[in-house]
Amino acid sequence: MAQLADLINLDLSDCTEKIIAEYIWVGGSGMDVRSKARTLSGPVDDPSKLPKWNFDGSSTGQATGDDSEVILCPQAIFRDPFRKGKNILVMCDCYAPNGEPIPTNKRHGAAKIFSHPDVKAEEPWFGIEQEYTLLQKDTNWPLGWPIGGYPGPQGPYYCAAGADKSYGRDIVDAHYKACLYAGIDISGINGEVMPGQWEFQVGPTVGISAGDQIWVARYILERITEIAGVVVSFDPKPIPGEWNGAGAHTNYSTKSMRSDGGYEVIKKAITKLGLRHREHIAAYGDGNERRLTGRHETADINTFTWGIANRGASVRVGRDTEKEGKGYFEDRRPASNMDPYVVTLLIAETTILWKPSHSNGNGVAAP
């Protein structure tokens with residue numbers, strides 16, 4: 001008699017050309033990832049060749065009950081690390097039946113920016129550092145923490161090893177390998193400053209792909225924690241007090257920044273970011289004010305600052321970039337629950353397309 005695990009791991013290629021495609025989209029809250037599967041007649045490697053689909057938007061907060069159909073448009077394909085074989089994960093965005101993007105479809109606007117000729121010419125690279133916290137399922141308290149209590153103060157946990165300092169490594173490693181299998185440009189992982197908190201990095205990726213890959217990596221993490229019976233939180237400050245929050249630091253460069261003389265381009269770009277500080281902060285994640293306090297390796301949410309190797313600044317420029325006169329910078333303001341489509345769109349639009357006519361009153365404090 002077959003066991004459940006045997007059936008889950010069935011190799012369909014032995015008996016059929018058909019594959020399973022898991023369609024993924026962002027739900028109504030802007031942070032929930034939803035998915036449903038369908039059978040295709042054979043392998044597909046081009047999203048434009050995939051059929052559009054639909055779902056009940058009234059059940060995801062994306063439509064009303066009297067007109068609930070929302071259309072899924074496939075945009076990016078990844079290998080499925082759960083079903084394996086030729087099965088795929090499909091990142092989609094969402095449209096009304098009349099073809100208009102629905103309000104929660106942030107990818108559509110980002111794709112317009114990244115298809116602009118001036119933006120394409122600059123080949124914008126993104127490297128996103130996604131922090132998250134693992135929580136015990138029944139208590140919503142960080143993994144490894146005593147129930148109702150606290151571990152010792154921060155210090156021993158960052159990039160640590162040992163049963164008393166590192167909690168959830170099996171989940172993190174499973175996620176790392178699953179992302180590599182899927183074809184995501186995951187570039188590393190590490191344990192974070194608060195125990196039970198981890199980070200993975202995606203990039204460098206070009207343009208709209210950064211958003212697609214972060215969303216699919218988040219989906220894969222949700223699935224793995226589901227299997228492990230653990231909850232993943234993207235809250236920017238899951239534990240109040242003297243504990244680090246969780247961000248999504250966004251590293252960024254353009255072709256001009258990576259070329260000789262790029263440091264001057266970087267400084268001009270940072271100045272423009274400072275002039276639009278309030279607009280960016282408003283779109284950089286919910287609850288970010290609980291994290292950006294000027295403490296615990298953050299800048300104050302109300303003041304834009306930048307500095308060389310300064311992790312307490314809004315924007316950090318690395319020593320190597322300063323020394324070589326070209327490279328990239330890191331926007332440290334985005335929260336862990338930010339929408340990567342929105343953040344990458346804003347950074348590219350502000351630094352490449354926006355032409356400031358005058359100061360808007362946001363001071364820019366230089367190092």
Side-chain angles (χ1 to χ4, degrees), residues 1-27 31-57 59-60 69-94 130 132 134-138 143 168-189 198 200 202 205 209 211-232 234:
M1 179 67 69
Q3 300 296 311
L4 181 60
D6 297 329
L7 297 173
I8 291 171
N9 294 318
L10 273 178
D11 184 356
L12 299 179
S13 63
D14 291 343
C15 61
T16 180
E17 289 292 316
K18 294 179 180 179
I19 67 160
I20 302 171
E22 191 78 29
Y23 279 44
I24 302 166
W25 72 96
V26 181
M31 262 311 291
D32 53 323
V33 280
R34 309 281 182 140
S35 76
K36 60 186 218 171
R38 67 180 297 162
T39 305
L40 302 177
S41 59
V44 180
D45 58 9
D46 181 347
S48 68
K49 295 178 180 177
L50 286 166
K52 293 180 180 180
W53 207 8
N54 62 74
F55 66 92
D56 171 17
S59 296
T60 65
E69 188 170 287
V70 178
I71 309 303
L72 289 170
C73 290
Q75 299 292 354
I77 293 174
F78 299 85
R79 291 184 293 274
D80 187 339
F82 303 102
R83 296 187 176 105
K84 300 188 283 293
K86 295 182 179 179
N87 301 298
I88 55 175
L89 305 177
V90 183
M91 190 65 207
C92 305
D93 61 353
C94 302
Q130 176 68 70
Y132 60 94
L134 297 174
L135 304 176
Q136 300 170 59
K137 182 180 177 183
D138 296 328
L143 199 65
R169 188 184 298 277
D170 52 348
I171 293 170
V172 175
D173 271 357
H175 178 252
Y176 194 174
K177 291 180 178 178
C179 284
L180 286 171
Y181 181 95
I184 292 168
D185 296 317
I186 186 168
S187 49
I189 58 165
W198 292 82
F200 65 88
V202 170
T205 56
S209 181
D212 291 337
Q213 293 196 30
I214 283 288
W215 274 118
V216 174
R218 285 174 173 175
Y219 172 80
I220 291 172
L221 182 58
E222 291 274 14
R223 288 282 304 274
I224 290 172
T225 52
E226 171 191 325
I227 294 167
V230 170
V231 174
V232 57
F234 295 102

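These numbers were taken from a predicted model, which means no experiment stands behind them.
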From Thr205 atom OG1 to Ile186 atom CD1, the distance as rounded to the nearest 0.5 Å: 12.0 Å
Side-chain donor or acceptor of Lys36 paired with backbone N/O of Asn54 under 3.5 Å: yes
Asp173 side chain to Asp170 backbone, donor-acceptor under 3.5 Å: no
Which atom of Ala21 lies closest to which atom of Leu40, heavy atoms considered: CB-CD1, 3.7 Å
Whether Gln213 side chain and Asp185 backbone form a donor-acceptor pair below 3.5 Å: yes
Tyr219, Tyr181, Phe200, Trp198 screened by ring-ring contact (aromatic ring centres under 6.0 Å, His included) with His175, the one that passes: Phe200
Value rounded to 0.5 Å, distance of CG in Asp80 from CD1 in Ile20: 8.0 Å
Reported CD-to-CH2 distance for the pair Gln130 and Trp215, which is rounded to 0.5 angstrom: 9.0 Å
Interatomic distance, Gln75 atom CD to Ile24 atom CD1 [nearest 0.5 angstrom]: 13.0 Å
Set of residues satisfying ring-ring contact (aromatic ring centres under 6.0 Å, His included) with respect to Trp25, sequence neighbours excluded: Phe55
Rounded distance (nearest 0.5 Å) linking atom SG of Cys94 with atom CG of Leu72: 5.0 Å
Where Pro47 and Pro74 come nearest, the two heavy atoms and their spacing: O-CB, 3.8 Å
Any Arg38 side-chain heavy atom under 4.5 Å of Pro51 side chain: yes
Asp45 atom CG, over 12 foreign heavy atoms within 6.0 Å: no
Step-by-step side chain to side chain contact (heavy atoms under 4.5 Å, CB included) determination, Glu22 to Phe82: CA-CA 10 Å; Glu22 191 78 29; Phe82 303 102; over 6 Å; no
Closest heavy-atom pair and its distance - Ala37, Trp53: O-CH2, 3.0 Å
Leu50 side chain reached by Ile77 side chain, heavy atoms, under 4.5 Å: yes
All side chain to side chain contact (heavy atoms under 4.5 Å, CB included) counterparts of Val216, not counting sequence neighbours: Phe78, Leu89, Met91, Ile184, Ile220
Approximate separation, where rounding is to 0.5 Å, of Leu12 CG and Lys84 NZ: 11.0 Å
Minimum heavy-atom distance Asp32-Arg34, with the two atoms named: OD2-NE, 2.8 Å
Heavy-atom pair of closest approach, residues Pro43 and Ile19: CA-CD1, 4.0 Å
